[in-house]
Amino acid sequence: MATYTGFFDMLGLRDWCDSEKKPSLLSLRNLKGEELAWYEFPFPSLDNLHSACNAIPQTRDMTAGLETGFLTVRPALRTVLDPLTQPLSWALDGALTLFTTTPWWALVPIICFLCYRVSRSASVTVLVAVFMAFFLFTDHYTYAMQTLAIIFVCTFICVVLGVPMGILMSKSDTTQRVVTPILDMLQTLPTFVYLIPLIFLFKITEPKLYGMAIILYAIVPVVRLTNLGIRLVDQSVIEAAHAYGLDSRQRLLGVEIPLALPNIMAGVNQTIMMSLAMVVIASLVSAPGLGTLVLDGINNLRLGVGFVAGFAIVLLAILLDRVSKAALDRINSAEAKLK
Amino acid sequence: MIETPQNVKSPHQPEIDRNVKISVRNLYKVFGDQPEAMIEFVRSGISKTELLEKYHHVLGLNDINIDMMDGEITVIMGLSGSGKSTLIRHLNRLIEPTAGEVILDGEDVLKLTETELREVRRKRMSMVFQKFALFPHRTVSENAALSLEVRGDDLGEQQSEAQYWLDRLGLSGFEDSYPYQLSGGMQQRVGIARALCAHSEVMLLDEAFSALDPIIRSQMQDLLLELQRELNKTIVFITHDLDEALKLADHLVILKDGYVIQQGEPQQILLHPSDPYIEQFVSDINRARVLRVRSVMKAYDGEVRPDAIMIDPDITLEQVIESVNGDTSKHFVVAQDDNPIGVLSMHEIMIAMVPRRASLDGLDP
Ligand SMILES: Nc1ncnc2c1ncn2[C@@H]1O[C@H](COP(=O)(O)OP(=O)(O)O)[C@@H](O)[C@H]1O
Ligand SMILES: [Mg+2]
């Protein structure tokens, strides 16, 4: 006899309780047939109430219900989200193909050249070349390029979406109040949790699944720092812009964005690093690249494979950080003098 | 409020009839959450402190009425916090008033649409700031050409115009420098070049020279006067420094706690301060260097002492004293274009140099 049976009897709800004929799964304690000790007083949880009254659902019914609910709205959500996110799949597929089919003797020099253009630093470029040689020599090159391709695409999309979002936030306190908690949530959610709704929404074979996971996670810093950067622009300069009749477009492009650039670039640097962190985890949902090797190492207890792949990820992280920091320093030193 | 006496002419300007360029009418500004609700209290004479303590609103401007003449320098003076910056920012509507009108050439600036207002700011009013407020990421030349760029003039024109004014202001060779590479005085020259490039009829200067060293500051004042003789703009100049105000002003407005405590021709304010607050200001001034013969002479009544020395009405008392080596027995006849217009004695000069209290005002000749 369950603890709460008397309670439902007293309320005269017995008929309603028994109307539900569905056989209930026994809870663990009932299964063992243990009697309650005198000091035990079960909390009126769903399971405990259910054992007294069949009409009340068990906790597992609730999770199942949530799942069914999610599955019913899924087609509707997909009709909206599919066309919106399809370009992401194309971009990822395209970039992956491009990075893996271009011969190494063409791609490595191109990457080194781009790194030089961005960082204007010979030492950073040499570092990049050495790391690339390591990837090639240890046959991790293709995996590293896959990871790099995904990071490129996701960072690009983060900047394209994140900078305008940051600008909107900086222009309106209301927008800032609404968006900030969302950004806080995206930043505090453990990375695994991102994957759960996305797995339901997209097929596991679709690149946009991990693409979305990475973008949601990595877009936060670029939005935050764009907002902050624009808000921190010297108000007396903005006042001068008003006094000389600059319209809002001229103020934004001519004054606010150039002066906020160091902060925006700091945001881009963080976004790149967070993309890398997430692309490794996203190997759980079929993101190709170095992450798959780490996953293999964990799943099959292949220590060596996992270890070398992990080391390659560290090198990639250093590479991305150095290049983007060098670019940031270049902007900073130009702007620091302006202060 | 004291009207400018008709017989006293500005020291800097030739005598021509002037129109009112900007007219500020019954302007009020209250800072706070419900400024409109506060206007009634302000109109009924609540003090700034009382408004702050009882209703938590800051009284920025209180019933301001000023006529700023075309081609004149109107100086607005007051201690820090007296509302000078607030007032000048109403003229180009960087701050919206709580009540009142700002009329530029017969048109209420406060009723302009956003586009019209931008046009006014681009073409008819330019501004110079205390902290220069140059664009740090642009070169000196690009900064100077700002208003032309905003209007969409072609690049060559922008550069040649900027070059002209930079040369005029002694900045040749610094066109491609960035503001941080220049000294404060030079940065403010860029600020002035930026304002002049706009070819606006009105120039607003908010404590434009206050951040500069005394010598540079004095040079900049001379530069401004020199340019003004040539350009005849309507200049509104803010300062907290009476020496600067007296040097530049054709019309002087003294603000205190957001209201106009006295305005008029600067020499008259110096001779007839209407308030102890102004007396305090005025008492530290070297009057001999500031006062001009015209302001202290007696009107010519047909009689001249035979030994009288002829002097010009626009020289300072200091120059008069110097010319006679301080001989206190001398008498003067003030003549303009060889026509006597007034008489003056050393005795009267001595008296004029002693600051008078407002209460003695009535005893003045
Ligand atoms: N945005 C604002 N909000 C509230 N009070 C303000 C604001 N701007 C100015 N004030 C107040 O208005 C008064 C006049 O300020 P301001 O015009 O800057 O004086 P000044 O330029 O003469 O030093 C001061 O008491 C100041 O505190
Ligand atoms: Mg001020």
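Everything numeric here is computed off the predicted structure, so don't read it as measured data. Sequence lines set the chain letters: A, B, ... in the order given, protein chains first and strands last, and positions in each chain run from 1.
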With a sphere of 6.0 Å drawn around CD of B:E119, does it hold more than 12 non-hydrogen atoms of other residues, nucleotides or ligands? yes
Quick check on B:L204 against chain A: is it the side chain, the backbone, both or neither that has a heavy atom closer than 4.5 Å? neither
Less than 4.5 Å to any heavy atom of chain B: does that hold for the side chain of A:D234, its backbone, both, or neither? neither
Yes or no on side-chain contact (heavy atoms from CB on, under 4.5 Å) for A:Q176 and A:R231, after CA distance, side-chain angles and deciding distance? CA-CA 11 Å; A:Q176 177 172 259; A:R231 283 178 185 266; 3.1 Å; yes
Below 4.5 Å from any heavy atom of chain B, which atoms of A:E239 appear? Answer side chain, backbone, both or neither. both
Heavy-atom distances under 4.5 Å only: say whether B:R89 touches chain A with side chain, backbone, both or neither. side chain
Got more than 12 heavy atoms from elsewhere within 6.0 Å of CD, B:E114? no
Does B:T234 use its side chain to pair, donor to acceptor, with the backbone of B:V202 at less than 3.5 Å? no
Lys/Arg cation over aromatic A:Y210: A:K208, 6.0 Å, 45° cone: no
Below 4.5 Å, heavy-atom pairs only: which of B:L94, B:L117, B:T115, B:N92 has the largest tally toward chain A? B:L94
